[in-house]
Amino acid sequence: MNIEQLADKQLIERMSKRLQAGDPVNHPSHYNQGGIETLDLIKLYLTPEEYKGYLKGNIIKYRERSQFKGNAEQDYAKAKFYYDEVSK
């Protein structure tokens with residue numbers, strides 16, 4: 001991570017919007033500790049290929065365990081969130 005990434009205005013704006021949203025599927029509050037959403041931090045540390053793999057892994061994770069956790073609808077929504085991210 002370099003200073004340009006830290007100062008990226010678009011990233012800062014996106015983080016700010018996510019922090020305000022408080023959405024349990026798209027922007028869970030427990031992933032917003034310390035002023036940056038965990039997903040944005042992961043994206044900064046990984047290469048684009050690694051990040052895409054991370055997103056795909058989360059799609060599989062949420063889809064496959066949805067029937068066992070008691071809130072399948074929310075898990076499918078989370079899988080879709082990651083699908084939308086990887087499709088950008």
Side-chain angles (χ1 to χ4, degrees):
M1 179 169 42
N2 60 37
I3 195 68
E4 289 82 16
Q5 290 170 316
L6 288 174
D8 184 337
K9 290 181 182 179
Q10 289 179 335
L11 176 62
I12 292 168
E13 288 175 19
R14 196 168 70 243
M15 289 185 315
S16 180
K17 287 178 186 175
R18 287 182 178 181
L19 288 172
Q20 294 170 7
D23 178 338
V25 171
N26 299 307
H27 312 290
S29 61
H30 60 280
Y31 288 141
N32 289 318
Q33 303 302 311
I36 184 169
E37 187 164 337
T38 304
L39 188 60
D40 291 320
L41 188 61
I42 290 168
K43 188 174 185 176
L44 287 174
Y45 280 105
L46 300 179
T47 66
E49 294 81 20
E50 290 170 333
Y51 183 64
K52 195 174 260 193
Y54 168 80
L55 296 173
K56 289 179 178 180
N58 277 317
I59 294 166
I60 295 166
K61 174 181 71 173
Y62 283 110
R63 187 188 65 208
E64 295 303 315
R65 68 182 191 176
S66 63
Q67 62 184 330
F68 306 111
K69 290 179 53 192
N71 194 345
E73 184 177 327
Q74 187 176 42
D75 278 350
Y76 283 125
K78 288 179 181 181
K80 183 179 181 324
F81 169 81
Y82 286 106
Y83 175 81
D84 292 343
E85 284 288 312
V86 82
S87 299
K88 287 182 180 178

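Since the model is a prediction, treat every value here as computed from it, not as a measurement.
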Using the rule given for salt bridge (Lys or Arg N to Asp or Glu O under 4.0 Å), can you reason through R63 versus D75, listing the C-alpha separation, both sets of side-chain angles and the distance that settles it, and then say yes or no? CA-CA 7 Å; R63 187 188 65 208; D75 278 350; over 6 Å; no
Salt bridge (Lys or Arg N to Asp or Glu O under 4.0 Å) between E64 and K61, worked out: CA-CA 5 Å; E64 295 303 315; K61 174 181 71 173; over 6 Å; no
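Between Y82 and Y62, the two ring planes are parallel [angle under 30°; tilted spans 30° to 60°].
Here the straight-line distance linking atom NZ of K78 with atom CD1 of I59 works out to 14.5 Å at 0.5 Å rounding.
The backbone N or O of T47 lies less than 3.5 Å from a partner atom in the side chain of E50, making a donor-acceptor pair.
Applying the salt bridge (Lys or Arg N to Asp or Glu O under 4.0 Å) criterion to K52, with sequence neighbours excluded, gives no partner residue. A search for side-chain contact (heavy atoms from CB on, under 4.5 Å) contacts involving S87 returns Y83, not counting sequence neighbours.
With respect to K80 and D84, a salt bridge is recorded, a charged nitrogen being found less than 4.0 Å from a carboxylate O.
F81 is connected to I42 through a chain of hydrophobic side-chain contacts under 4.5 Å among Ile, Leu, Val, Met, Phe, Trp and Tyr, so both are in one cluster. One hydrophobic cluster holds both L46 and L39 under the rule that ILVMFWY side chains link at heavy-atom gaps under 4.5 Å.
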